[in-house]
Amino acid sequence: MYNQHSILNTDQSAFEFEMHSTRTLSYAGEKNTVSSVRSTNKITHRYTVQATINLAGQVVGPVFVCLQEKNGVMDECVRKNLFRADNIVTNCSASGKLTTLLIRFWIDNCLLPSIRHSRTLLLSDSWKGQGDKHGLYDKIKGLKHLEIPFKTTSKVQPLDVFFYRQWKVIPRRLHDRILLDGMDIDATERNNILKLQSLVHNQISSSIFTSMIKYAWFKAGYLDTHPGPFKTVTEVCFGFDDIECHIRDCNLCSFIRCSHCGHVLCVEHFFNNYHFH
Ligand SMILES: [Zn+2]
Ligand SMILES: [Zn+2]
C-alpha cells in the first residue's frame, strides 16, 4: 500500500503568447487556440510548466518552468539575473518544450528532492521522447512509474482533467488586467513569467485548495469518494466585491484575493511587489 502523500501525478502544460506587434499581445493558455490563428508574421513565445500533485491534495515540490530560448541556450548574463524563488526551478530549450535531457533535469531537481517516502508511485502520461524506454526512472529506489497511454491522457490524468485549468486562472486574469489597464508590464519577459509561476504555485499550495486538488483525482477516477464541496481558484482568488486594494494608503483597483491571508490586493502589491507566503 502507498501512503496518499506518496502517490504523485506530474504533467506538463504549455503556455503560449502571440505577439501581434510590439505593444499588443494576445494570450492563450491552450495550444489549440493559438495554432488556429497562427500566421507567418507573428512570433510565438512558448514555455512549459510541470507541476506535481499528490493524492492527499497537495502540490508537491517546486514547479519546473522551461523557457524558450534561441538555440536552447540562455546567455550567461540572462541566467545570472534570472528571477529565483524556492518554489520554481528553471531551465530552457529551443522550443520551450521538454526534451529527454530536461526530464532528467526535472527528476534530479524537482522530483528527487521532493520524495519523502520509501515507496512512491508516480503517474504521468507517455511524453514523446521520454518514455520508460529511456530508463529515466529505473534507478530511483522505491519509485514505481506508471505511464498512462498517450491517447487517453486527457481523460485519466488528474492534472489534465482539472488541475491545469485552475493553474491558468491567475495568469489569464493578470494578462487581461495588463491589457485592459494598459499596464507597463511585459508578460512575456522571462522574469515576469518566472515571478508569475512562482506566485501561482504559492497561491495554489494554500490548504484552501486541498479538496480541489483531491477532486482532480476523483474526477480522473483515482478516488472513490467525492472530497466534498470545495472552492475553485476563481471563487477563492477572484470572488470578492472589494474595489480597492487592502494595503494601507493604497487606493489602486483590487485584483486578487490572496488564498493564504485573505487580503485583497492590487496588481502592484500582488505581482510587482511579489506577495509570497
Ligand atoms: Zn497573502
Ligand atoms: Zn495596492
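The residues of the chain are indexed from 1 along the displayed sequence. It should be emphasised that the depicted structure is a prediction, and the values quoted were computed from it without experimental measurement.
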Is the closest side-chain heavy-atom distance between [X] and [Y] below 4.5 Å?
X: Arg177; Y: His175; answer: no
X: Leu122; Y: Lys144; answer: no
X: Leu8; Y: Leu121; answer: no
X: His275; Y: His269; answer: no
X: Glu16; Y: His45; answer: no
X: Ser254; Y: Cys245; answer: no
X: Lys97; Y: Thr99; answer: no
X: His5; Y: Leu55; answer: no

Hydrophobic cluster membership, [X] vs [Y], 4.5 Å side-chain cutoff:
X: Trp106; Y: Val89; answer: yes
X: Val65; Y: Leu101; answer: no
X: Val236; Y: Val264; answer: no
X: Ile170; Y: Leu265; answer: yes
X: Tyr2; Y: Phe218; answer: yes

Modelled atom types, side-chain donor and acceptor of [X] and [Y], under 3.5 Å:
X: Trp217; Y: Gln4; answer: no
X: Asn87; Y: Ser198; answer: yes
X: Gln12; Y: Thr48; answer: no
X: Lys141; Y: Ser118; answer: no

Closest non-hydrogen atom pair between [X] and [Y], with its separation:
X: Phe64; Y: Cys110; answer: CB-SG, 4.0 Å
X: Ile107; Y: Tyr137; answer: CD1-CE2, 3.6 Å
X: Ile193; Y: Ala187; answer: CG1-O, 3.5 Å

Please list all pairs meeting ring-ring contact (aromatic ring centres under 6.0 Å, His included) that have one or both residues in residues 75-97, counting only residues at least two apart or in different chains.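 ring-ring contact (aromatic ring centres under 6.0 Å, His included) check on residues 75-97 returns Phe83-Tyr274.
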Out of Tyr222, Phe162, Phe209, which residue meets the ring-ring contact (aromatic ring centres under 6.0 Å, His included) rule with Tyr215?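 So the option named by the test is Phe162.
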Name the one of His201, Gln197, Gln203 that satisfies side chain to side chain donor-acceptor pair (under 3.5 Å) with Trp167?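 For Trp167, the side chain to side chain donor-acceptor pair (under 3.5 Å) test succeeds with only one of His201, Gln197, Gln203, which is Gln197.
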Would Arg257 pass as a cation-pi partner of Phe238, given that its NZ or CZ must be under 6.0 Å from the six-membered ring centre and within 45 degrees of the axis? no
Cation-pi check, Lys195 onto Phe271 ring (under 6.0 Å, within 45° of axis):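 Yes, cation above the ring, under 6.0 Å and within 45°.
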Set of residues satisfying salt bridge (Lys or Arg N to Asp or Glu O under 4.0 Å) with respect to Arg190, sequence neighbours excluded: Glu69
Side chain to side chain contact (heavy atoms under 4.5 Å, CB included) with Ile88: of Leu199, Val63, Val49, only one passes, and it is Val63
Contacts satisfying side chain to side chain donor-acceptor pair (under 3.5 Å) that involve residues 52-65 (not counting sequence neighbours) are Thr10-Thr52, Asn54-Gln58
Using 0.5 Å steps for rounding, measure from the CG atom of Leu136 to the CG atom of Leu143. 11.5 Å
Within the supplied structure, the quantity of interest is the number of heavy atoms (other residues, nucleotides, ligands) at a distance under 6.0 Å from Ile243 CD1; does it exceed 12?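 Result for CD1/Ile243: open.
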Determine the interplanar angle of the Tyr47 and Phe15 rings, folded into 0 to 90°, and report it as parallel if under 30°, tilted if 30 to 60°, perpendicular if over 60°. parallel
